[in-house]
Amino acid sequence: MTTPARIDRLAIDALTREQAEFELERLAREIVHHDGLYYQKDAPEIADAEYDLLRRRNEEVEARFPDLVRQDSPSKRVGAGPVEGFAEVRHSTPMLSLANAFGPEDVHEFFARIRRFLKLHAVEPIETVAEPKIDGLSAAGRYEGGKVVRGATRGDGVLGEDVTANLATLVDLPKTLAGRDVPELLEVRGEVYMRHDDFAALNKTRAANNEALYANPRNSAAGSLRQLDAGITATRKLRFFAYSWGEISEPPGDSHWHFLQRLESWGFAVNPLARKCSDVDHALAAYEEIADKRASLDYDLDGVVYKIDRLDWQDRLGMVSRAPRWAIAHKFPAEQAETLLNAISIQVGRTGAMTPVAELEPVTVGGVVVSRATLHNEDEIARRDVRIGDTVVVQRAGDVIPQVVRAVLGKRPKKAKPFTFPTICPCDLKTSVVRGHDEVVARCSGELACPYQQVARLRHFVSRDAFDIEGLGVKQVSAFFERGLVRTPVDIFNLEANDGDKDKPLAEWDGWGAKSADKMFAAIDERRKIDLERFIYALGIRRIGLATARLLAQHYSSLGLWHKSMRAAAEERLDAPDESKKPEVVGEAYAELCNIDGIGLSVADDLVGFFSESHNLGIIKDLEACLEVADFIAPALGSSPLAGKTIVFTGAMEAMSRAEAKARAESLGAKVAGSVSKKTDYVVIGADAGSKAKKAAELGLTTLTEAEWLKLAERL
Ligand code: IVH
């Protein structure tokens with residue numbers, strides 16, 4: 001009999017019926033196998049083109065022998081669409097990130113800020129817990145009645161992935177909690193990491209199997225946890241340090257330090273280097289101690305986290321743009337390495353800002369190969385006297401962009417060449433470069449016509465905090481742009497519909513195949529529904545970062561209202577171009593915008609500028625037509641009397657700092673405004689209040705004394 005190994009090479013026409021049956025069985029098996037590798041493990045073994053050949057052969061054999069089509073034939077599976085990845089988990093309380101401190105001054109400033117915010121006396125001690133900052137990925141385990149019921153990754157902090165089966169394979173996470181005082185509901189949060197020896201062993205096996213190596217233990221931990229087959233995770237020896245909680249059915253206690261002890265008593269691994277510190281000097285001493293021990297540890301740390309120990313203070317401090325005010329990460333100094341600077345190129349950003357980029361001889365810095373690094377701007381190059389051909393010191397800290405720190409003058413070759421900043425944009429338009437007299441940033445003047453700016457805007461549009469479309473990264477967007485397929489954001493959403501019209505559909509492009517194209521189209525479809533704040537951020541308006549986008553989403557609630565208000569403000573501004581005019585004089589919509597706490601005049605003008613440009617209005621209109629932008633949903637506030645109200649604070653308060661009052665009002669769902677208008681609901685009048693109190697009286701607004709405010713804020 002012919003062996004199967006030869007059947008797979010026979011021409012379809014030459015197949016006997018028996019061979020065809022054999023072949024269909026083999027193809028079904030192989031295709032399922034490769035689907036699994038591709039969709040579930042993100043680790044394909046064969047090229048897309050090869051996979052497509054398998055599918056095509058399957059179809060052709062079936063076309064010749066239609067009665068042999070198998071029940072489990074790949075051709076019967078609905079499309080080649082992606083198999084579901086992990087299910088989504090919405091975190092009941094967001095998983096936060098941390099603000100950074102880079103030196104002792106920043107740590108002192110952190111303590112001072114806490115003191116100001118809480119209005120503490122100069123002598124009142126501020127106790128903290130200093131903990132190692134583990135370089136892994138954060139995850140949460142949920143326990144009900146002491147039994148583990150769910151595991152989730154952090155994801156973007158709001159939505160994570162359901163990795164219950166994977167987390168269940170970690171020995172450091174007990175299945176059942178020990179001890180008696182276990183809360184009925186408890187979500188434990190901490191860091192998943194991989195030890196150096198386990199990382200080395202894993203990479204050794206991978207090398208032996210000709211598999212791609214993981215760059216560092218952190219990536220390896222992330223890749224190992226996010227396996228659709230939890231059986232693989234189980235072989236990876238992941239570990240977990242617990243350090244905080246999410247949802248919990250009873251108050252966690254009085255202090256963070258005590259909570260860590262409770263975590264340990266329930267059976268979690270808590271990092272043994274955590275220290276309770278009585279003041280800032282102790283905290284800095286703990287940093288030194290942990291830094292000294294770092295080299296002898298068998299896992300990676302990237303800093304020390306200081307957390308305010310008193311939990312009532314933590315509550316009062318709350319959070320600001322996705323990070324708690326009550327904690328800070330004191331990072332270890334960046335890792336550095338020397339390498340050659342081969343050239344300097346210019347990168348044009350989405351607002352035309354031109355950044356010089358060092359093209360380096362590739363070098364490993366802190367476990368990652370770096371071949372490009374930022375040189376910031378023209379003045380910085382001059383200040384550091386960095387020349388092409390120099391040996392330079394490059395540094396990389398955490399996930400920030402690598403930087404060129406300085407040139408090693410002792411190694412400067414004679415032919416090292418100073419860099420002349422270009423006076424025209426590297427784009428085809430050859431537009432001139434402008435630099436305002438007190439600005440450090442040089443900009444291309446081509447605006448929307450400059451192709452570099454166009455690509456940069458698109459890249460921003462698909463970036464992680466914006467549309468974050470899987471399979472559509474910087475590389476793909478740039479390639480689509482070059483081929484004229486995607487020129488504006490809305491083209492992304494028409495990619496699939498237009499795909500058939502071209503001489504060459506995406507699936508036939510180099511490096512693409514039916515599967516990767518389908519996978520990307522599916523990811524694009526998923527993003528047809530998006531949150532308002534992400535949408536606003538994605539537009540890439542100058543100076544509108546995530547935090548500001550959120551402020552706008554919170555204030556205007558819906559895309560319709562925001563859009564309408566911005567256009568109105570833009571028109572008012574156009575009619576009153578005099579910059580010295582007060583916002584109220586310019587118009588109502590403009591004044592409302594400027595009145596949002598956290599939005600300064602320059603940000604307001606950037607917004608208004610964006611909405612004065614008909615090209616931008618066209619982009620928003622096109623996107624509105626094909627997307628569903630979800631309204632901003634304020635966090636559940638129960639029956640807060642302040643929900644949706646606008647409040648203004650004026651004068652000095654005794655019991656609360658202005659910062660705390662503002663944070664408290666916002667956490668109760670109120671909007672805090674900087675000046676009084678007829679839209680203000682409450683004006684809180686402290687000591688020595690001036691013109692705002694007067695204006696409130698004139699407008700007949702509801703005013704509150706500090707005591708009345710404290711009562712409303714439930715702080716009495
Ligand atoms: S506390 C509410 N403690 O660092 C505070 N985070 O840069 C949330 N991390 O997302 C984090 N070790 O993944 C905390 N001892 C530690 C940590 C730690 C590592 C990670 C965590 C967080 C990231 C922020």
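Order of listing sets the numbers, starting from 1, for every ligand and every atom in it. For clarity, every value in this text was computed on a predicted model and none was experimentally measured.
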Candidate pair Trp709 and Phe649, rule ring-ring contact (aromatic ring centres under 6.0 Å, His included), full reasoning: CA-CA 10 Å; Trp709 150 249; Phe649 293 96; 4.9 Å; yes
Please determine whether ring-ring contact (aromatic ring centres under 6.0 Å, His included) holds for the pair Tyr193 and Phe240, giving the CA-CA distance in whole Å, both sets of side-chain angles, and the decisive distance to 0.1 Å. CA-CA 6 Å; Tyr193 67 100; Phe240 182 84; 8.7 Å; no
Are any of the side-chain heavy atoms of Glu127 and Lys276 separated by less than 4.5 Å? yes
Which side-chain hydrogen bond (donor to acceptor under 3.5 Å, both in side chains) pairs, counting each pair once, include a residue from residues 215-225, with sequence neighbours left out? Ser224-Arg236
Near Asp254 CG, under 6.0 Å, is it more than 12 heavy atoms from other residues, nucleotides or ligands? no
Expected contact list for ligand 1 at under 4.0 angstrom, heavy-atom basis, is Leu96, Leu98, Glu131, Pro132, Lys133, Ile134, Ser138, Arg154, Glu191, Tyr243, Val305, Lys307, Pro324, Trp326
Let me see the working for Phe332 and Tyr287 under ring-ring contact (aromatic ring centres under 6.0 Å, His included), right down to the final yes or no. CA-CA 9 Å; Phe332 289 136; Tyr287 173 89; 5.5 Å; yes
